[in-house]
Amino acid sequence: MRILRIGLMTLGVVIVIAAVVAWYWVAAFGCGMNTTGCRDIRIPMPWQDPELFGVLGPFFGLGVVVFVVGKWVVKG
């Protein structure tokens with residue numbers, strides 16, 4: 001059970017990191033598509049871009065839930 005617990009915790013962290021990377025990639029892609037150019041890439045906050053958060057937010061939630069299940073629900 002300990003391997004399952006560590007595996008679930010690791011999977012949860014990987015999902016959250018993948019969501020952060022996707023969020024950054026989408027922000028960088030939007031910066032690159034800007035015809036006037038941009039100097040720096042800014043990751044939009046959920047209240048600045050609710051559509052993007054609507055797509056990537058569930059993955060943050062999924063990662064947190066998988067981590068919590070591995071940390072506190074699986075006994076080992």
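As the structure is a computational prediction, the values presented were derived from the model and not from experiment.
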Treat each ILVMFWY residue as a node, draw an edge where side-chain heavy atoms are under 4.5 Å apart, and state whether [X] and [Y] are in one component.
| X | Y | value |
| --- | --- | --- |
| Ile3 | Val69 | no |
| Leu4 | Ile15 | yes |
| Val14 | Val68 | no |
| Met9 | Met1 | no |

Taking all atoms of both residues into account, what is the closest heavy-atom pair of [X] and [Y], and its distance?
| X | Y | value |
| --- | --- | --- |
| Val66 | Leu8 | CG1-O, 3.2 Å |
| Val74 | Arg5 | O-CD, 3.9 Å |
| Phe53 | Pro58 | O-CD, 3.8 Å |

Roughly how far apart are Phe67 CZ and Trp72 CH2, rounded to 0.5 Å?
->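 One gets 6.0 Å once the value is rounded to the nearest 0.5 Å.
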
Once you round to the nearest 0.5 Å, how far does CG of Leu56 lie from CH2 of Trp25?
->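 Answer rounded to 0.5 Å: 10.5 Å.
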
Check the surroundings of atom CD in Gln48: do more than 12 heavy atoms from other residues, nucleotides or ligands lie under 6.0 Å from it?
->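 Yes, the 6.0 Å shell around CD holds more than 12 heavy atoms from other groups.
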
Does atom CZ of Phe60 have more than 12 heavy-atom neighbours, drawn from other residues, nucleotides or ligands, at distances under 6.0 Å?
->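 Counting other residues, nucleotides and ligands, CZ of Phe60 exceeds 12 neighbours.
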
Linking directly or through intermediates, with side-chain heavy atoms under 4.5 Å: list the remaining ILVMFWY members grouped with Trp47, chain and number order.
->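 Met45, which link up through side-chain heavy atoms under 4.5 Å apart, make up the rest of the cluster.
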
